[in-house]
Structure formats: structure tokens, C-alpha cells
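Residue numbers start from 1 in every chain, and the chains themselves are labelled A, B, ... in the order their sequence lines are given, proteins ahead of strands.
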Amino acid sequence: MKKKCINALSRGAKYSLFSIVIQIFLMSSLLAANGMNGQSIREYKVKLELENASILETFKAIELNSPFKIFYKKKDINLETKINIIYGEYTVAKVLEFISKDAKLNFKQINKNISVAPTPDKEGGNNEAIEPGDVQDRTITGKVTSAEDGLPLVSLSVYIKGTTSGVVTESDGAYRITVPQNATTLVFRYLGFITQEVEISGRNSINVVMQPEVVDFGEVIVTALNIPRDAKTLPYTAQQVNAKELNMAQQQNVTNALAGKVAGVQIRTESGARLGSNASVRIRGNISLTSDGGALWVVDGTPGINPGSINMDEVESVNILKGPNATALYGQRAADGVVMITTKRAAKGDMSVDFTTGITFEEVGRQPNYQNSYGGGGSANWITYNYNPNHPAEWQVFDGKKYHDYTDDASWGPKLDGSEYIPWYAWYPGSKYSFKTTTFDPQPNNIRDYWETGTTLRNNIALSKGGEGYSMRVSYTNEQQTGLIPNSELKKNYISAKLDFDVSERFSIRTNVNYQDQETQGDFGDGYGNNATGNFNSWFHRDLDMDIMRELSQFKTPTGNIASWNHSNVSSTTNFNTANFNRGNYWYNPYTYFELLDNRSNTNRVFGDISLTYKLNDKFSITGTARRYEVFGRSELKLPALLANSASQAGYFNSYSTSQSRYTEDNFEFLATYSETFGDLSVDFNLGGNLRNNLSTSINGATSGGMVVPDLWSLANTVNPRVTGQGYSLQKTRSAFARTTLGYKEYLFLEATLRNDLSSTLPKGNNGYIYPSVGGSFVFSEFTEDLLPALSYGKIRAGYAESGSDLGAYTTEAYYGIGSNQFSGNLLMSVPSRLVDPNLSPVTNSSVEFGTDLKFFERRAGISFTYYNEKHRDDILSAQIATGSGYSSILQNAGSTKRSGIELVLSGTPVRSGDLQWDLTVNWAQNKSEIVSIADNLESLIYSSGTFGFARTVHQEGKEWGQLRGTAIARNADGLPILNSNGLFTADQNHYFGSVLPDFNGGIISTLTWKDLTLNMSFDYQKGGKFFSLSEHWGNYSGLLDETAAINENGKNVRDAVADGGGIRMVGVDASGNPVDRYVSAFNYFHQFYGTNRLAETMIYDATYLKMRELSVNYRVPVTKVFGNSPFNSINVSFIARNPWLIATAKGQDNWDPSDQSASYGENGQLPSTRSYGLSVKFGF
Amino acid sequence: MRKMKSTIKTKSIIASLLVSVLFLANSCEEYDFGDTNVNPAQTGTPLPNALLTSALWSVSGYETQTTPSLYVQYLSETQYPETSLYAVGPVSWGEYTGVLQNLNSIINYNTDADTKTKALDFGSNANQIAVARILKAHVFSKVTDKWGDVPYSEALNGNTFPSYDTQESIYKDILKELTEAENGFDAGAMPSGDIMLDGDKAAWKKLANSLRMIYSLRLSKRYPGANDYAATQFKAALNDADGYVATNADNILYAHLDNNNFANRWYSLFLTRADYTISDVMIDKLVAKNDPRLDVYANKNTNGAYVGLPYGYTRDQLITWTANNQYSLMGDAITGQTSDSYFITASYMDFTRAEAAQLGWTTEVAATLYAKGIEDSWRQRGVYDATAFATYLADTQNAYAGNTAAKLGDQKWIAAFPDGFEMWSDWRRTGYPVLTPTPNNLNDNGNIPLRYGYPSNESDLNSEKYDAAVARLANGDTDNSPVWWDN
């Protein structure tokens, strides 16, 4: 890359926070400064002098000299009113008071925003005015609170309708107004809230809850590098999700909470039975050939955080930066987008204690449709037991009775006809079921019965306080969850402490410490062959009674093993003591496995930062920040001898394995900020540098081939040499960046960024690269006020950006690794199977994005539209090559992809009438990611291969990203299947079934408020996107699913003999093209998909769905009314439901929930989708 | 704003920014991170001894390849009968990126001027190369026996579109390689990492000569004449002064250990699974012949009887059969963790020489070699008893008379148990032993497969060369196209 660069904070490898701090002081010595800084308008002081200044100029002066932004409706204010203030140092509040006197305006501070509105009556009064009426007949008192957070509203205007008589509320929200006898109505008015008129109706006490108005002032968006920006200045789309929208249903992780809430973002959740798992996030589909999702998560500016470490209770807002235009300042790491999380901090003057407690219950959601007509076994024939004198005497009662095949784990067994038979457990002595027959009956709910009801208890306490020169927030959350899988649990603790501390007038420190520990117990593997769904949906007997299974989960047979439904047939033994007769053939009793397995993992995560800001003056400040994210993991797996011995072919040994890992990411960051205004022109400038080190180490060990002494959990206690492993990876990056925003008046903004990254993972001599971005926005509504009065805000934006990405450590050279085992002191080594192109260079992305944000009817309705077109070149990919070369792949710059799409957000308040308000946001996004080329002479690239090789995710030149490829049914020109001589399908190898990415997707957020009740709902949907279901394959292969026992066109069960009219009808042509119309047996039909052809076609579906993700009913207890004077400020009670309703899926696909997918190609034997219901109460003190 | 008072002048801010830029300014295209990107736990240069150990362990895997053992009906599948019903399709060739590349790397490392001196730490260049060439030739014969024409002359060098060489040219080169390698040893140190023969040069030479004999006999259908290419090659090896595996003392055993990581592969195969057992075809044959090797090859079932699991049953048939019968497992002497398993045995060489004599290639006496083959096998299996042997040999089932080719084929098949791979090649070439295909076939033609399908991604990744190779196959890329030496 031959470009000149602006600068780089990169000379010398020893840069550290320390040296950055020194620089800050170096520079500060050049400058003088002033300013006494608080965070409240009553504390923050500014020095100024105004002489005949306009209101607009005054506001700008305040904005420039303080952290506050001022918002107002233009039509409410006469901007030409002149203001005069003599030189001096004033609190912002004081300045506003001056203005208020001159311009008759009312101000309210909301965090760092100051909203402006005219005083109730444009003629009279100031914001403290009380103008007594003529007749003082009665006094009305009451308290006014916000519906948003239940907190009192201070300085709110209360006046008598039709008069100018009014008061304002006190600091506790209380008011006291004297009204004449003839007064009928009080008006409550407060900026940012809907004005309420309340009839007095003879009452002496009137409490009012004010409903907030929909976004009545400009939004502040947290952008790259944690820089808060006024939305109107952004040249790219930004859709921020706030805590309220995020926390509708007490989600346990932030990934699930995002489902359907941001346009262009696809959340792929996993089964709720997998405790501690997070959803994966796809932003704008995909563009890289080598990754699927993998957004960079940034929490309060600290990058690289695992979303699982984020405490939902602490999240203030989430902003998703979707493409290079928004992520340019994050450089190479942000190729898949950035999820920016801002957590809650205390405000000045704030003192609050919040306690939230909740409980939720979880159950299985959609289950596949099982057949309930045929029982277990590989053969439909009953086996008759003939007693012989060598057999245990107890078995004599079974002489002449029948049993079905226990050995085979499929359900191609006899008809479930209620007849007498010998169940699997009856052969063993010692249980109440010993030596008793029972009836062969369907168990339609046996799988659903298996799962436990999961419970989650979650408690959070958060304390905030802010005062002169400091603010702090401490929060603690404890979460305890038991899962659907027996004996599975999750425990989590989160602690966070945040402190903002002004050391001196100019020097402030901000710290942020977050700690999380997590412990899980259980086996959450959800691929093929797992002991839960991997069993039930792949291999099982449909006749099994789960209650008895649960009862016998620790029942020992005479050999001391635990029996399983899947033991050998009785022909293999003559006594009680044959091992294979006393244990599972392939499968355990599913309770036994989970009850005996001890699989624990602990994860401790710490992240946070300390940043020092030196404010040289009102315009220039420098910040040095040190950030760390650290994860320490430990896991232990103990597989007891009893479990190992209780199955013959499950492949388990008595074993112990343990691992420890540590990962750290350190960032040392320097940021200089400069803001200046020259008349109508404003300049915002950032210059920064960053040093980043990522270090990952791990060590693991395991016993091998069993344990010498059973169940002694030591690595030394191993039959074969113990297996050990180690991991080490270090990566360093040095970066420098600059950003500038130029603003002209309040409507035209131009932004440019430049970033230079130097990465240790790229080839020496060519490891640096630069990417720029440029964009602009124009708030055209400034000029259309008269022309389009309905348009309250209108902005267009456009930008161009480039970004790049590098690769993992140690990939630019081929390395020979040493095999983990020695052969009697001899090392084993293999030639690496990957060739590496020595001239690797960084990947480059370039993107054009434009769009518009419009708000109508005083911002009651809004539309945001975005179009993007992104090109991705020189992807670094490991392309498969013919293995005859001696290598299986080559790592090279190859491949070019592009994507373009549209994102649309409609938001508004369709209903606002009295106490009733309905807010609605609808997201819709369409993305098309296309593979332009892959590599020379390579038309396709396998992205991921599925178990058994049925379906693969493959990139195919000229097609959409991620084609599902597999074997299709060979068809003739008319589309008729070509059948072989047995009447079965023939194969069309390597067929492309379509992309795994959806055609479009989106979500709906609905909030309905009536008085103190709020009904929240969120939905997400997607259309299209292919997925393959492995469970469906095996469920059919094993005769478990309803299709395998359906009724055919002859009115017979497909399992009936073909000669008797049973079987499955096959219509097609033979190899010569002659028509074929015949029946084949169900067994042969469903077994044809396996074998060498691995026919995938019939197991591939559209992942279309519409799902209600969240539902909550929230009741704000009118605290004062109910409790009178109590310590409570607020009490909120919520009934919540997560994933309550899978409303619709693609036609013909009613077995699986496509919103939960464990693999890029779809369903891989995964755990069931779940839904949960619960109750949560939040107390504010 | 008219008189906003800033205490700082714009000028000084710009000045300080400039200072900081100058202070930090640097190149942006390149930065020296030192050794940051050097993997501390792996090496950029190979250890030829470790490559050899790895290659030798891989080579021992051919003996337990179950697919050919099912094709020659040594084994039956106990629960999932797909392979024994000839469900065939594409099969991946793992050898190129594994064992072949390791061996190739040893040769290159000992050849390249830059590295050959460094390679001397692990044995003389010539001896490392000779050992690697022998093994490489052997593995290539396995590869071409499975698929037919395969990448050879353009293989293993990073050429991403290697041509498929004809099997004829491959075999000729294999024989050339074996001959050159056999003569290529020098007096220097033998390679380290030799877990199979521990640097026994004489044994390596015998291995090379034995392989030359086996592989030239493999070409007997193409070159049947006593003075043709194959016979000439055969005789050259037979008469080589360094000898071949002639007695059981010369047997070349695979290396394995008494731990599961490197145990006898038959042991590992049955460690946690019971997918295969000895077939009824083999047990019935041994029972009929009253062959003492039965006690070695099979265990009695729990009823104390030798019962072979029927070959070629469907799953349904298997379930019904096993509900009423118990089958014999493979013998403990074969499947023990440290039981011997064989690369080349004297018995196998006896039968190989006997066939060459039958073909008139040599003047050796076929009948003698036939008897010696059986005797060596009995001795190898520890069941030799002079009286029993005389009785056995006198039995018309076994006596060297009548259809001697069939007799030889049967006895070679019995002796070579359980190494199905070699026998699959022999069966394809000679038609012996006579095997009855399963009637429950899943393939189109109902015949025992004659080759494997090419790896499924070859048509994608190397389509032009793949298409050219497929065009040379009689019935396309199917199991029903005989390889070149099978024509």
C-alpha cells in the first residue's frame, strides 16, 4: 500500500499509558486554561460576556463552553431576542435564568441536554413565577412524576387553565397551588412531556404522572471511540436502542435482547437450554468470505468484549455501527460492524438506589412432530422369549411373552398396539418393575416430559450518587439459573463500579471497573449425538415412558452398571451378569448421563478503563486512557467410571480433563479533542493513537484410555500417557487516527476520518495500511419550515469510507507442529497442509452509504432510510486446492465480494389520546451479498462443512454469499425425479440450494401505554435464507418423525408392506426416461438419504419466520397513592415472556424453530428452542 | 456571539497540535514488531525423524482399512451394513497431504543444498532418502490401487492443478523408485525416527525387494509373458543379492505400543465400537478345512461355538439374526492391544513366488512354495503341528492339485487375514478367492466394487485434469470401472 500517512503513534514499541500521560502534560504546558467543571447546570460554571447577543449565539456560547447541548423547537422561540450579560463567571443555570428573564423561556436539564420551551403563557411569568389569582378559595396539593422512570419532575409548570396563574413543582415533585372556586382544570406542562389537563372535580389532592413525548429533541448518539455526537451531524445511519427497549423482558444477555430492534441486524439465537450461550450477530448480512458475523463489541470505549460479560442491568444504550462509514475509526477490527454499548453512570446531584428482583421459568418451545404409532427397534417383528433352564428363574414368567428389539436405537419397531410385552427394565431384579410385563403404548409427550422447567432468579441492586466534583455508581447483579437439561445450572455475578472524579478544575479521572464471574455445570453440546436432542431427535424409541426412565436413572443392575433402554437383546445372555445386557448399547438412559457427568467451567472476566482528561481550556482537551479486557477460564470434566461402564459403544472412558486459559487485550489510547467556532463555522477535531496487545495463553491436560484408580481425579491417574496441550498467541497493533467535523450553521456538516493501522500479523515490510472516510449531512428542514410544515426534521446524509482487516497471529508462515503424543520418545510431525502466499496484504473494503432521516408532525412519526453499497477486495482466504498438490489449501489474497442493501425504519406514535399512547417502530432491511470472484480458477469455496457432509455452506462465484450446497435429487428436464431400479432417487451432487442469508429481515417494537400500565412487545422476522436440518434427517432415518408413519394415498400407513398398499409413492422416470409410478417401503425410502449420496434436498427449508420475541406487561404502582409516605420512589411490576410465540414459519416446515440455529448451515442436532415466562419487580428508593 | 472570551488563543492550540503531530509522526507502511509474529511452539523447519515416525505410523493404517476387508469378505458389518452392501461413492485421498507429503519433505530436506547438511543430524542423506522413497513408492501403489490414474509426477510440489498420471506409468515409476532406493543406501547412519525397523538396513532392503516382487506380480494381467516387463522386474528382485522376506524371521511387523495412542490398530478399532466381526464366509471356510488358524482368527461365542456373522445382510436381517444367534468376534490374538500386525510376511511372499512360478515367470516350484506358504502362515500364527499339517495338506480341499490357481488364491486369502487391502487387489487381478457378492447390494451393478470414486471435490478443484482421467475409465468415475492392471 503506497500511501502517505498523516502520523502514527508508533515509534518505539514501548509506548504505554505512562508516556501518553507525559505527553498530555507536555502539551498542557503550552496552554493555559480555565473553567470550573461540574455536570449539573447548577454547578457548571462558564465565563462569558454577552453584549446584545442573539439567543442563538447565546446558546452556542453555552454549548461551546460547557458539555451541554441545547434543544428547542424553533417556532417556540424568537431567536432574535437580544441578551446582555456582563462579564463574569456564572453557573449555566444562572445564565439560563438571565435568558429566561429576557426571552421568557423555560429550561430543563436532561442529562447533558438542556431543553428549552416558552413559559406556559407566552406573556407572563418567569420560571419561578407565582401569580396569585383573584380569589384564593382553595388549595390543591400533589406530586408530579415521570412515567418514564417514576422520578419526581422538578420545576414543572402547574397552572390553572385559561389563566396565567401557576406554580412550579419543588425538588420532590410536589406542588401546592391555590385556585379560585370557579377553576375547573389544572394544566401540567413540562418540556419533553405531553401536556396534561386534569379536571379538579372537587379534589384537594391531585397526583399526576407525565408521559414523555416522543423524541422531542435531537438525539445524542455514541459513536466510534465513544465520542457522543449530535445525530444531525452524522453522515451515516445510526439507530440507537435504549435501555427501555432493550430491557423489555429481562433478557439475560444483550445479544438476545437486540433481536428485531435494529434494521439490518440479524440476531441468530441459540437454544435457551444452552446456558450461558450468546446469539451471533450478523450486520448487513456478510461480506467477508471467511467470517460469519463476528461484530466487534465495545463497552464504554473498551473494545473486544465478549457480549456474555455485559450486565443487562447496566446497559444504558446500544448503538450498532453497521458499515465502514460508521466504523472507519475502529479500523481493521470493525470489518463485521461494531456494537457500541454505553453503560449507566450517575448524574450530578443524583442519589438513587434501585433494586430489581425477578424470576422466570423456561420451557421447551417448538418440538418436532413425532410419530406415535410404532415403537422401538430396527425390525417391526416381535421377538418371542423362550425360557430355558440356564436362564435366571425369575425370567420364567416371561416364557412365551414377546419383546421388541432393544439393541437398535431406531423406532422401526412393532406397532404400538397396547399389547402385552416385556419392557427394557423388566429383565433386571431390584426394581418395582422387575419381571413384570406391561402394555406397548404410545408416549406422545415423552420428550416434552423429559425436559425440566428451567428457572432463573435474578437480583440487581444499583446505587448512584453524584455530588460536587464526583459521581459514582455501584451495581451488583446475581443470577442463578437451572436449565432444561437435568442437572444443568448457571451462576453469574456481576459487579461494576464507576467513578467520575474531578481532581482539579482542569484535570478529571474517569474509571470503570466491571467484574463478572460465571460458573456452569452441565453438558451443553448440541451437535449430532448429544445425549439430549442428539438422542431424542436422531435415535430413540417412541414407546419409552419418561417417568420410569427418570425413576430408574440411578438404578443399578446386577453387574453394577446402570441399565439403559438401549441394551442388548436377551439372546446375548443366559444370566444377569453379561455386561452388554446390563448397559446401554449406544445410549444411556438420558437422565443417567446428565446426572453423572460433572462438567464445570468457570469464567472470570474483568474489563474497564481508567482515563485521565486534561482540559487545557474550553476548546481543547486531551485524554489518555488505559483499557483492559481480561478473561480467565477454567474447566473441568469428570466422567465417572460408572458412566463409562454403563454403555458398550458410547465411546466413553473414565476420565478427567482440565484446562485453563487467560486472554488479555490491552489498549493504550490517546485522544486530543479540539472544538472551535468561527462565526457560522464550527470545527471539531480529534487526533488519537492507540497501542493494542492481544495475548492468549492456555494449557490443558486430560487422562487417556481410562483411569488406573477409578474416579480419582488426577491427571497422573491415567492408563495411557496423559494428553496435554498448550496455546500461546500474541498480536500487536499500533494505530493513529484523526477525525474532523466541520459544521456550517446548524444544517451543514462535513466529516472526514483517517486511520493508520500497523499490525504484527501481516508480513514484515508491508504491515501498515491507511483508510480514509468522508461524509456529510444536510439538515434541509431548516429551509422547508414554511413549505412543508408537517416536516419537523429532515436530513440527508452521504459518505464514502474504506476499511481493512488483517489476519490471525502466526499465519503468514507455514509452521510444523509437533503431535501431542510421542511414540516411545519419538516425536511425530506433519508437513503443514496449507501453503501461504508470502505477499499477503490487508483486506480492503470500500463503502458508499447515503440516506435520509425524516420526522413529521412534531416528530410524532419518523422515517429513516439508508442505502449502502460496499465492495470487499483482496480477502485473505484459505482457498481449498486439489490435494494432489500436497496441500489442502492456500492462504492468499483472493476473492472479491460486494453487498448492497436498504434499511428502513419507521417509527411513530399512531395513537395518543388521553391516557392512551401507542408507540411503534418497524425495521426492515434487505441485503444482498454477492461473491464476485473467489480465486484464480476457483469457482467455489467451502465455508463450513456439516456433520456427515450432507450440507455445506459454500461460496459460489456469481451467487449470493453462503450457498447451501449438497446432494439434490437428480431430475430430468421436466423436473421429474430420475429413479433407480429400486424406485429410489438418484443423486445430483453438489447442487446449490440457495443462500443461508435471508432475503429480508427486520423487527417490530410496540409499546402501548395506558395510565400506569404498559404493554411492550417485540417481534422479529425474516424471509428466506436456507437451512439444513440434521435432526430431520436422522429423525426420519430412525423412524421417529411423523412423516415415517404417515398415511399414504391408499389410505394405508406408509409402514405397511408395499404389497398391502403401504409404502411411499414414487413418481418419476427411470434412467432411460420411461415413466415410473410405484411404491417403495418407508424404511427404504427414509434410508436412501444416508449412504454415500447423502441426499440433502428434502431436509432443506426456508428459514422464514415471524416470532414474538418479547412480551411484557408493566405496571407502575402509584406509590404515593398506595403507600403514602414510604421509602419508595417507585415500584414497577412486570410480567414478562420471552420467545412466547413462534407465529409463523415457512410452509411445510413445522418441526424446527429456524430462529435458533447452531450452525451456519442450519440445524445440527441442536437443543430445543425455549420460551420463558416470569415476573420482575423493580423498587426505586 | 460578539465577545465570547476564550482565554486561549487559537494560534497556541494549533501550535500545540503541530508539535504533537511532529512528535509522533512516523511511517505508516511498515513497522518492525520484532519476533512478535513468530510462533514459539512450532518450527518453520521440519524434523525429518519426526516426519518419518509420523509416516511409518500412517503406513500401518493400511492393514486395518475395513472397506477392502469387507469387499474380500474377511469381515461382516454388525450393525450398519453400508460398505458390505457396496454403498460406494467418492472417497477422499488423505495420503497426499499426509504421509506422502511427509515422505516427500524428507527427500527434499535431504536433497536441497540449503538443508541437506543440517539433515545429517538425523542419518545420512542417502539412507534417509532411500527409506523415504521405499515408503513413498509403497503408499503410491496403495493410492493408485484404490483409484486408478492419480496425480503422481506433478503431485506434492504445490502445483494446484496436477495432472493424473496413468496407472501404467505410475507403476513403472514405483518399480524404478524401489529399485533405485534399494540400491541407494550408503554406509552412513540410518535414519532416526525409524519406529518400524529401527535402522535395520538389511530389513529395509528386503522390504524393498519384496515390494518389487509384489508390485510386478500385480501387473501380471498386463504383462503375462515370462520375458515381459513384469516378469523381468520380478526376477530382478527375486535374484537381488540383498534378498526378500523369505522366512518368518524376516517378517516385517508394524510398530505399535501398549498404549491406546499407538496400539495395534485392530485393538483401537474395537475399543469403543463393535461395528465389525469376522464373517461367516471366513469362519465357514476355516471350519470346513478344519484349519487350526480358526482359533487365532476368531473367538468362540458365549455358547462356545464358532459362528460367523452372515456377510451382506441388511440391517433388518441383522437384527432378526442377532436376536436369535450370537456371533464370534475376531480373535483376541488379532485384536490384542499389543498383538503383532504385519506389513510383509514370509507366507505372503511364498504365495507371491508360487504364483510367479505358476505363471512360468520363474523356475521355482509352485507346489513347494504353496506348501511353504501354508506352513509359514501356521508357524506365524503359532498353530503349526507336523502331523496336523500333513493331514491338512493331504486333504483334497488343500492339496496342490486341480485348479491350483484357485487353491493358491484361497490359501493366500486365508493366510493374509485380516489384511484386506492386499487381498482386494489380488482378488481383482486373479478372481480368487471366488466371492459371492451380497444380493442386497446398494450399488447399481451388484458387483463387488473394483475401485473407489475420486474425491468429491476433485471435479471442482481440478476439473480439467479430473475429466481427462475419468475419460480413461471404462464406466466413468464409478466402482464398476476396473483400474488399468485389472484389465
Honestly, the part of A:Leu730 sitting under 4.5 Å from a heavy atom of chain B is both
For A:Tyr810, the ring pair (Phe, Tyr, Trp, His ring centres under 6.0 Å) test, sequence neighbours excluded, returns none
Legend entry - A:Leu827 side chain reached by B:Leu47 side chain, heavy atoms, under 4.5 Å: yes
Between A:Gly817 and B:Gln42 the two heavy atoms that sit nearest each other are CA-NE2, 3.5 Å
Applying a strict 4.5 Å limit to non-hydrogen atoms, the region of B:Glu464 in contact with chain A is neither
Under 4.5 Å to a heavy atom of chain B? For A:Ser729 that would be neither
- Would a 4.5 Å heavy-atom cut-off, applied to side chains only, mark B:Val38 and A:Tyr815 as touching? yes
Cut-off 4.5 Å, heavy atoms of chain B, and the answer for A:Asp405 is side chain
Turns out that what part of B:Pro46 lies under 4.5 Å from chain A's heavy atoms comes down to both
Heavy-atom closest pair (A:Tyr816 atom, B:Ser105 atom, distance to 0.1 Å) is OH-OG, 4.0 Å
Ranked by heavy-atom pairs below 4.5 Å to chain B, first place among A:Ser833, A:Gly705, A:Gly378 goes to A:Gly378
Smallest heavy-atom separation, A:Asn826 atom then B:Gly193 atom, equals OD1-CA, 3.6 Å
Correct closest heavy-atom pair for A:Tyr586 and B:Arg273 would be CD2-NH1, 3.9 Å
Looking only at B:Asn37, B:Thr36, B:Asn325, the option with the highest number of non-hydrogen pairs under 4.5 Å against chain A is B:Asn37
Heaviest contributor of heavy-atom pairs below 4.5 Å to chain A, chosen from B:Ile195, B:Asn462, B:Val91, B:Asn301, is B:Ile195
One option among B:Ser92, B:Pro151, B:Ala274, B:Pro48 has the most heavy-atom pairs under 4.5 Å with chain A, and it is B:Ala274
Whatever's closer than 4.5 Å to a heavy atom in chain B on A:Asp409 counts as both
When the 4.5 angstrom heavy-atom criterion is applied to A:Ser888 and chain B, the contacting part is both
One option among B:Glu458, B:Glu154, B:Gln317 has the most heavy-atom pairs under 4.5 Å with chain A, and it is B:Glu458
CG (B:Asn457) and CG (A:Asn990) are apart, to the nearest 0.5 Å, by 8.5 Å
Looking only at B:Leu271, B:Leu52, B:Asp258, most heavy-atom pairs under 4.5 Å shared with chain A are made by B:Leu271
When rounded to the nearest 0.5 Å, the distance separating OG1 of B:Thr320 from CD1 of A:Ile383 is 7.5 Å
Under 4.5 Å to a heavy atom of chain B? For A:Gln1088 that would be neither
In short, B:Ala41 meets A:Gln726 closest at the heavy-atom pair CB-NE2, 3.5 Å
If you tally heavy-atom pairs under 4.5 Å between each of A:Ser940, A:Ser648, A:Ser759 and chain B, the highest tally belongs to A:Ser759
If one checks every heavy atom of B:Tyr80 against chain A at 4.5 Å, the contacting part turns out to be side chain
Assert top hit (heavy-atom pairs under 4.5 Å, partner chain B, pool A:Phe1083, A:Tyr652, A:Phe823) equals A:Phe823
With chain A, the option among B:Val150, B:Thr45, B:Thr83 that has the most non-hydrogen atom pairs under 4.5 Å is B:Thr45
Whatever's closer than 4.5 Å to a heavy atom in chain B on A:Ala809 counts as both
Separation between CG (B:Asp316) and CH2 (A:Trp412), nearest 0.5 Å, reads 10.5 Å
When the 4.5 angstrom heavy-atom criterion is applied to A:Ser820 and chain B, the contacting part is neither
*Given side chains that start at C-beta, do those of B:Leu51 and A:Val831 come closer than 4.5 Å, heavy atoms only?*
yes
Cut-off 4.5 Å, heavy atoms of chain A, and the answer for B:Ser58 is neither
So, the part of B:Ala255 with a heavy atom under 4.5 Å from chain A: the answer is both
If one checks every heavy atom of A:Tyr406 against chain B at 4.5 Å, the contacting part turns out to be neither
Heavy-atom closest pair (B:Thr272 atom, A:Gly651 atom, distance to 0.1 Å) is CB-CA, 3.4 Å
Residue from A:Ile818, A:Asp408, A:Asn980, A:Thr407 scoring the most non-hydrogen pairs under 4.5 Å with chain B is A:Asp408
Any side-chain heavy atom of B:Pro455 sitting closer than 4.5 Å to one from A:Thr883? no
CG (B:Leu461) and CG (A:Leu941) are apart, to the nearest 0.5 Å, by 9.5 Å
So CG of B:Leu257 and OG of A:Ser824: to nearest 0.5 Å the spacing works out to 4.0 Å
d(A:Asn767 CG, B:Phe33 CZ) to nearest 0.5 Å is 5.5 Å
- More than 12 foreign heavy atoms under 6.0 Å from CG of B:Asp444: is that the case here? no
If one checks every heavy atom of A:Ser379 against chain B at 4.5 Å, the contacting part turns out to be both
B:Phe262 side chain near A:Leu828 side chain, heavy-atom distance below 4.5 Å: yes
If one checks every heavy atom of B:Arg315 against chain A at 4.5 Å, the contacting part turns out to be side chain
Given the options B:Asn259, B:Asn260, B:Asn261, A:Asn821 meets side chain to side chain contact (heavy atoms under 4.5 Å, CB included) only with B:Asn261
